[in-house]
**Student:** 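Take this structure first; my questions come after.
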Amino acid sequence: MVELYCHRWEIELGFREIKQTMLDSAYHLRSKRPDMVRQELWGVLLAYNLIRRIMTMAATVTGIWPNQLSFSSSSMAVIQYFSSVSIMSPGNIPIHWQHLLDTLVLFKLPARREDRRYPRWVKPKPSKYPHKKKNASQLN
């Protein structure tokens with residue numbers, strides 16, 4: 001359980017990727033009806049998992065972890081690939097697919113610093129009263 005607790009941050013990063021990269025930091029969904037909101041959420045989750053799956057395929061070829069790849073750069077490359085796949089000839093799709101996987105490997109993030117530790121500390125409570133400010137003559 002303790003070892004898994006260390007990986008909780010990856011889940012939080014996944015939520016951030018969905019909110020910031022895929023939803024463009026919007027505070028609300030575009031749909032108004034509950035069934036359409038559900039459909040929009042399913043679409044976002046499917047697209048996120050598709051991008052993550054392709055990142056995993058690219059990472060296993062090189063032996064790195066999929067979370068070492070940049071999600072935002074990878075998502076732009078995957079979106080560009082799928083938007084141009086309709087104009088590719090069918091015989092060239094495997095070549096372009098391999099090029100996409102090779103491109104995703106280039107988006108490797110720098111290594112994380114494992115030595116960072118931020119111990120807990122008690123912050124002082126804010127005062128209800130304003131602080132007394134000294135004027136320039138009282139500073140000397």
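Quick note: residue numbers are just sequence positions, from 1.
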**Student:** Output every pair passing salt bridge (Lys or Arg N to Asp or Glu O under 4.0 Å) with a member in residues 47-68, not counting sequence neighbours, ordered by first then second residue.
**Tutor:** Glu17-Arg52
**Student:** Run the side-chain contact (heavy atoms from CB on, under 4.5 Å) check on Asn67 and Leu109 step by step: do they pass?
**Tutor:** CA-CA 9 Å; Asn67 61 357; Leu109 295 171; over 6 Å; no
**Student:** Before you tell me yes or no, could you show the steps for Arg38 and Leu41 under side-chain contact (heavy atoms from CB on, under 4.5 Å), namely the whole-Å CA-CA distance, both residues' side-chain angles and the distance that decides it to 0.1 Å?
**Tutor:** CA-CA 5 Å; Arg38 193 174 304 115; Leu41 286 175; 5.9 Å; no
**Student:** So if you build clusters from Ile, Leu, Val, Met, Phe, Trp, Tyr with side-chain heavy-atom gaps below 4.5 Å, do Leu100 and Val85 land together?
**Tutor:** yes
**Student:** What pairs with Gln68 under side-chain hydrogen bond (donor to acceptor under 3.5 Å, both in side chains), at least two apart in sequence or on another chain?
**Tutor:** none
**Student:** Can you hop from Tyr48 to Leu50 via hydrophobic side chains spaced under 4.5 Å?
**Tutor:** yes
**Student:** Between Gln39 and Asp35, do the side chains contain a donor N or O and an acceptor N or O under 3.5 Å apart?
**Tutor:** no
**Student:** Applying a strict under-4.5 Å side-chain criterion to I, L, V, M, F, W and Y, I'd like to know whether Leu106 and Met57 cluster together.
**Tutor:** no
**Student:** Taking ILVMFWY side chains as joined if any heavy atoms are under 4.5 angstrom apart, and letting links pass through other members, which residues group with Trp65?
**Tutor:** none
**Student:** Compare every heavy atom of Leu104 with every heavy atom of Leu69, then report the nearest pair and how far apart it is.
**Tutor:** CD2-O, 3.4 Å
**Student:** Restricting to non-hydrogen atoms, name the atom on Met36 and the atom on Ser31 that form the minimum distance, rounded to 0.1 Å.
**Tutor:** O-OG, 3.4 Å
**Student:** If hydrophobic clusters are built from ILVMFWY residues whose side chains come within less than 4.5 Å, do Leu23 and Val37 share one?
**Tutor:** yes
**Student:** My understanding is that a hydrophobic cluster links ILVMFWY residues whose side chain heavy atoms are under 4.5 Å apart, including indirect links. Using that, what else belongs to the cluster containing Ile11?
**Tutor:** Phe15
**Student:** Run the side-chain contact (heavy atoms from CB on, under 4.5 Å) test on Met76 and Phe107 for me, step by step, so that the C-alpha distance in whole Å, both residues' side-chain angles and the decisive distance to 0.1 Å come before the verdict.
**Tutor:** CA-CA 11 Å; Met76 286 189 285; Phe107 302 136; over 6 Å; no
**Student:** Quick check: closest heavy atoms across Ser70 and Ser74, and the distance to 0.1 Å?
**Tutor:** O-OG, 2.7 Å
**Student:** Taking C-beta and beyond as the side chain, do Ile95 and His99 meet within less than 4.5 Å on heavy atoms?
**Tutor:** no
**Student:** Taking all atoms of both residues into account, what is the closest heavy-atom pair of Ala58 and Val105, and its distance?
**Tutor:** O-CG2, 3.5 Å
**Student:** If I take atom CD1 from residue Ile18 and atom OG from residue Ser75, how far apart are they, to the nearest 0.5 angstrom?
**Tutor:** 11.5 Å
**Student:** Under the side chain to side chain contact (heavy atoms under 4.5 Å, CB included) test, which residues partner His96, sequence neighbours left out?
**Tutor:** Tyr81, Met88, Asn92
**Student:** Is any side-chain heavy atom of Asp102 less than 4.5 Å from a side-chain heavy atom of Val61?
**Tutor:** no
**Student:** Working to the nearest 0.5 angstrom, can you tell me the gap between Met55 CE and Leu101 CG?
**Tutor:** 12.0 Å
**Student:** Go through the structure and list residues passing side chain to side chain contact (heavy atoms under 4.5 Å, CB included) with Arg30, not counting sequence neighbours.
**Tutor:** Glu40
**Student:** So Phe71 and Arg16, do their side chains get closer than 4.5 Å, heavy atoms only?
**Tutor:** no
**Student:** Once you round to the nearest 0.5 Å, how far does CG of Asp24 lie from CE of Met22?
**Tutor:** 10.0 Å
